[in-house]
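Reviewing the structure listed below.
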Amino acid sequence: MNASICLQSDPLGLNAAPAEGGDGNLGNGQRKRRSSEEQGAGPNSFKRTKVEPTTPISPSTPGVKPWSSAPDEKQVPTTTPTTPSPAPAPYRPAVIYWDLDVQTNAVIRERSAANHLPSHPEIELQRAQLVTKLRQHYHELCHQREGIDPPRESFNRWLLERKVIDKGVDPLLPSECEPAVSPSMFREVMNDIPIRLSRIKNKKEAQKLLFKYAEAAKRMIDSRNASPESRKVVKLNAEDTMNWLRTDHSASKEDYMDRLEHLRQQCGPHVTAVAKDSVEGICSKIYQLSAEYSRCLRQTHLRLLQDPSTETCASPPESRLVSCYPVRLAIPTPALPQVELHFEKDVACLCFKEEGLEVNRGHFSKLELLYRYSCIDDPRFEKFPARVWCLLKRYQAMFGRGTNEGFGLQGALPVTVFEALNRQFGVTFECFASPLNCYFKQFCSAFPDIDGFFGSRGPFLSFSPVSGSFEANPPFCEELMDAMVTHFEELLDQSSEPLSFIVFVPEWRDPVTPALTRMEASRFLRHQLNIPAYEHEYRSGSQHICKRDEMYYRAVHGTAMLFLQNDAGFVKWAPTPERLAELNTAYRPSLSRTSSLSSPGPAQSAAGDRDSTPKASDRTPSGMMLPGGHDNNNNNNGSSSSSSSSPQDKLTAM
């Protein structure tokens, strides 16, 4: 009878007797948390009660064949138990892509608890439904007003760009942005008008694309309220192009592309002028709907939490310098509804109200460890399944549910690069990551209300370290990267303690991005290393659900690696030739591993260029460029990475 009661009250076996042998053979983040990690760094982090789940949520899986390991991937040693254990051993993935043992050297000023409303499965499900509805509205508006499909990933980039300036309270839906018209969304939609220009493979396709553009431009100018001058210019150029197509049958692919570029230059300004109000209307409508959804969701969330106090917490009386610690919430989490959890081979399946989500067993084990290290209000892991479900649902809502959609936005550096950064430059912290793709257990991420339970220090633009060595690989959104550079400059200027940021951004040159230009001209730039296209790779943003042979993807654009350091940081972590040599070697793709020559997802089209240079509006803000997309190979044709020590030298070398 007692056993039956126990099973009903503790279905996951969290309070089972500990396995024999303790934690002696747990390694690389699989060990118990040190006593120093069991307490916070001030009044916002109390020492947690020492009641911990002695049996992990993930059960052992006898008989499952482990993955084989490539040389640059960490492999957990397997042990054969000599004595039977009364409880199942924790699941240990054969290959891991993180090192949670690395302690932080990031120092911050003590901060108050955050006033975010705690995540809840009911609210997360509603938020995801509203975001899906907003995506559908965007698709319909593009079709109704401009007769085009929304540019691929443009909605995801809109979310990123809006959150840079959003002062609203919802963690995902923008609601207080100025201006209301998003420059990112406006630019991308306008670039696909009058038609989307795809990558050209041969002469026949070039001829067809030129004809379609001329026809679409003429039809558009006839159907809109255009000025007489605009009608005259567009009609003249369109008819001239069509006459040329009918008479010249000996033209090459390059001839057609030259003619298309000329036509775009002549007609583009007039097409933009007549479409401007309509496209601004699309951007404004999507933002207004988002703000409305955000307000409704907030009211529902407050009712669910029984209207908790949302007064701003006062800052700590003494702003002490402390090691960085995860975000703490001022509002306690209520009891959460049950989330079903079961395991199918190497996959953990979580389900709430028939909404199922999956994560591979290795990353589920990682989330358990991050939760153990970071969460202070759930020592028995009673809220753990619900919070994992909320975490997975939030990132799915942000990046979309389409096949491979949004995964490029979460691309991460290879394990070997992180190891070299830590060993040579003391890097212990990621400025842009998530609990799903982080390498260190200390990182900044987009959603403090849910990510904080798994170690997040909050959004980087709100994070102000005084010292430490940091890696920054932001989503490749131009507005976000520009705001990032501004934050770097402010932090480096204000601190006299050792502070270093090693930044990884795409080497876009036609035109160059403002963020890259500013960093190359920065007085804090100590060195720049340029990694050519196809000679390095990234880890997929879908690493928590993808197969192992899909984990790595070749970058089809160059990557600029910039070292921004104040004087003390330069003295401590100087980019010496020896250190740079090891880092460059670590970035080379492993010969023992097969990696794709592109990122996941369908082909991304180029904007009518010669298959070479990306336009500003065509760029994909991910760790990789998409297949068939904008290969940024100009200035990157060498067989090895190039580096220089001053902006003038670098620009000359390129």
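Since the structure is predicted, the reported quantities are computational estimates derived from the model, not experimental observations.
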Can you see which heavy atom on Val359 is nearest to which on His363, and at what distance? CG2-CB, 3.8 Å
Heavy atoms of Leu173 and Val131 approach each other most closely as CD2-CG2, 3.8 Å
Can you confirm whether the side chains of Gln396 and Lys393 place a donor and an acceptor under 3.5 Å from each other? yes
Side chains of Gln528 and Asn530 only: does a donor on one sit below 3.5 Å from an acceptor on the other? yes
List the steps and the verdict of side chain to side chain donor-acceptor pair (under 3.5 Å) for His143 and Asp149. CA-CA 6 Å; His143 265 279; Asp149 288 329; 2.5 Å; yes
Would you call Ile165 and Glu479 a side-chain contact if the rule is heavy atoms closer than 4.5 Å? no
Measuring only between side-chain heavy atoms, which start at C-beta, is Pro575 closer than 4.5 Å to Phe425? yes
Going through the checks in order, is the side chain to side chain donor-acceptor pair (under 3.5 Å) test met by Tyr587 and Thr559? CA-CA 11 Å; Tyr587 222 149; Thr559 293; 4.7 Å; no
Taking atom CG of Leu172 and atom OH of Tyr293, what is their separation to the nearest 0.5 Å? 13.5 Å
Pairs meeting criterion salt bridge (Lys or Arg N to Asp or Glu O under 4.0 Å) with involvement of residues 228-238, two or more places apart: Asp222-Lys235
Quick check: Phe501 with Phe524 (ring centres under 6.0 Å apart)? no
Those residues that, when tested against His487, pass ring pair (Phe, Tyr, Trp, His ring centres under 6.0 Å) (two or more places apart): Phe460
Applying side chain to side chain donor-acceptor pair (under 3.5 Å), name anything that partners Arg579, two or more places apart in sequence or on another chain. none
